[in-house]
Amino acid sequence: MTNKSNYEYLLSDLTKLRGVGVKTTNLLKKKRINNIFDLLWKLPKSYTDRSRSIKIKDLKIGEVQTVTVIPKKYSFPRVRNLPNKVSCSDETGEIDCIFFNSYEGYIKKILPLSKIITVSGKIGVFRNKYQLTNPKYVSEDSSLIKQKHNTYSLTEGISEKIYNKIINQIIKNLPILNEWHSKKILDKFGNIKWNEAIIELHKPENIGKYKKNFYQRLAFDEIFSTFLVNSEIRKKIKKIKKKGKIIDKIKQDKILKKLKFTLTNDQLRTLEEINNDLSSTNKMFRLLQGDVGSGKTIVSLLAAYNSVNSGFQVAFMAPTEILARQHFNFAKKLFTSQINIELISGKSEYKTKKEILKKLDNNEINIIFGTHAIFQKKVHFKNLGLIIIDEQHKFGVNQRKRLSDKGGRNCDVLLMTATPIPRTLTMTLYGDMDLSIIREKPKSRKPIKTYSKLESKIDDVIKFIKKEIKSGNQIFWVCPLIEESKKLDHSSAVKKFEYLNKFFPNQVSLLHGKTDLEDKEVILDNFLKKKFQILVSTTIIEVGIDFPNANVIIIENANKFGLSQLHQLRGRVGRGDKDSTCILMFKSNLSENAKKRINILKESTDGFYISEEDMKIRGFGDVLGFKQSGIKNFKLADPIHNSDLFLLAEKEIRRIEIDKDNISKFKPLIKLYDRADIINDIA
Ligand code: ADP
Ligand code: MG
């Protein structure tokens, strides 16, 4: 028997359950149900009420009904295709139980003659007589039949009956866990205990009762455990002692004076926050969050500069080669030649690469730019003091933690993302980091006018482009992904390029995922130098690239993209001081829902607002492809409907941090819900 106060039971293998063998276990594993705890979240969809039994004379054909009968006579014809039959009756009439493909022995066992048996199922009729075909609910113990039977969305090979059986078994054996929440928190959920809540959760009459205490408590457990693990990671990283960096403000100011613009207040504030972390003797693990075009690059480059001036090396990682190169070029222009800056590219020549690796190891390079290539095993730094990672909103908590470990003791970590997320998700996604937010955009920015246009009206768009080109402007033309699978549809971009080339000979270039790296660099460089006016491309221009002179973006088949992605794409324009335009093209008229979504984009250029509204319409999993990003999948909690619980959990985490609560009482919670390795360090 199970130790009733032990949560380990819940983490044990499915074969521990009575009646569950290797076959069922394997079927469930395919559904990512690996242990008993996982089965707790297999919830009934609906139920069939078999609790009331009636007499045969009152049976209604076509309905699921329960009746108590006495089997009177077997008929086993032993002829292919003819079913076996058991004639049964009560004092009011007769009913036949019909079996296709069942052995006589089995039938005799479940329907022994002259015994009182309760059967339940959908009532049919054949030659004027009631019948039940292949009855599944048959028992001498009427109480087993006469209940509400849950229905589940079924896994192939596992019947409803089996689900009911194993889940009932688990519920009966639920351990009584010591309460992990404070009294104050528990009060908010009517003091319902965890195992009581689980029992309520599985009651058929509670299906869909999201507002009830049992549901809220369990949703809260889920959110809270995620936050708690994040908070522990953050605490752990911040405990790491390092050599504080010495910030040379005079040198920093010299760079600031070199800029063609002055930093916004938010840029200055976030730079200050980062500088404070750099100079502190605790390791920095910070996220710089700011909408597209809010000017994160310069802030991070200044942080890099300050670290170099304090004697450290800096690794600056970007998601694409193009972006890495752009940052590299910007840095080269900005900093004096005393600072050694290099770019390592996946396609760098072997000799060059070897040279760079040697120099890194000898501390002859101060700042290295590159893609993930800069974190390969063979790359050694002499004195790495700061890792900067641009546009990596898809990095999960674990990936980030590994990165932070990799840099070693003296290495600070700064991540940047232009993906604004709804408030409720901040702790979920980034709770392991300190957060600096740039909300304000540079004042010189003009709003971007956004229009939608049917593809059939492409002539209007061409006319508009002609006008823009005449006034010296440049245009992005984005062709979408056809497959979700990230296969870029080159052919659509190629076709569009050929089409536009007819109208604008020698003024169009094409860029897609298959373009050679060298060609890519040349094309982008030429675009920057205004050698041509229209850049047709797939979404590779999405992240980070900066072309101040481009002020029109056309996005084809725009309903292929999520709002946040459209917002990101649109952010490629409007970076200079001219008016900009974004034209969203559609193949057919928009549905009401699509119109609603597009209007959000037209109304606002605030990424935070857009993500918030998009999430309300589409649900959180769909926004920004969080589902693929390895972010925790909540089983009950929903960032939209339970936003109050997310905020409550955040508050409770802050309280625990301030009160320095001993968190060992949360061990079962974390073990069950998060299975984080971190628990080994904390409890
Ligand atoms: P993002 O936050 O999306 O990474 P960038 O750092 O690429 O934005 O900045 C976008 C553009 O704005 C760049 O051309 C950058 O030089 C410019 N920029 C940055 N800060 C300011 C500012 N305070 N005033 C005007 N332009 C700025
Ligand atoms: Mg950027």
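Remember, it's 1-based here, ligands and their atoms both numbered in the order they're listed. Throughout, residue positions are numbered sequentially from 1 according to the sequence presented. Predicted, not measured: the structure shown is a model, and the values here were computed from it.
- Counting heavy atoms closer than 4.0 Å to ligand 1, residue Asp291 contributes backbone atoms (N, CA, C, O) but none from C-beta onward.
- Those atoms of ligand 1 that come under 4.0 Å of a heavy atom in Thr264, given as number and element, are 23 (N).
- Between Leu301 and Ile367 the shortest side-chain heavy-atom distance does not fall below 4.5 Å.
- Looking at Phe330, Phe261, Phe547, it is Phe261 that brings a heavy atom closest to atom 26 (N) of ligand 1.
- Within the 4.0 Å heavy-atom criterion, the part of Leu263 lying near ligand 1 is the backbone and not the side chain.
- Under the 3.5 Å distance criterion, with hydrogens and angles disregarded, a donor-acceptor pair is assigned to the side chains of Lys602 and Ser452.
- If you look at Lys443 next to ligand 1, there are no close heavy atoms at all, none under 4.0 Å.
- With a 6.0 Å radius and a threshold of 12 heavy atoms from other residues, nucleotides or ligands, Asn506 has its CG atom at or below the threshold.
- Around atom NZ of Lys235, more than 12 heavy atoms belonging to other residues, nucleotides or ligands sit under 6.0 Å away.
- In this structure, Tyr451 has its ring center no closer than 6.0 Å to that of Phe464.
- Heavy atoms of Ser294 found under 4.0 angstrom from ligand 1 belong to the backbone as well as the side chain.
- At a 4.0 Å cut-off, at least one heavy atom of Thr262 sits close enough to ligand 1 to count as contact.
- Residue Gly293 places a heavy atom less than 4.0 Å from ligand 1.
- Under the 6.0 Å cut-off for aromatic ring centres, Phe381 and Phe312 do not qualify, their centroids lying 6.0 Å or more apart.
- Checking each of Thr270, Asp266, Val299, Leu414 against Ser436 for a side-chain contact (heavy atoms from CB on, under 4.5 Å) leaves exactly one that passes, namely Thr270.
- Ligand-side atoms of ligand 1 in range of Val292: 3 (O), range being under 4.0 angstrom from any heavy atom.
- Note: an N/O pair closer than 3.5 Å links Gly295 and ligand 1 by distance alone.
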When you look at Arg269 and Glu272, which way does the salt bridge (Lys or Arg N to Asp or Glu O under 4.0 Å) test go after all the steps?
CA-CA 5 Å; Arg269 177 181 45 76; Glu272 198 58 32; over 6 Å; no
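- Among Thr297, Leu288, Leu259, the residue whose heavy atom lies closest to atom 4 (O) of ligand 1 is Thr297.
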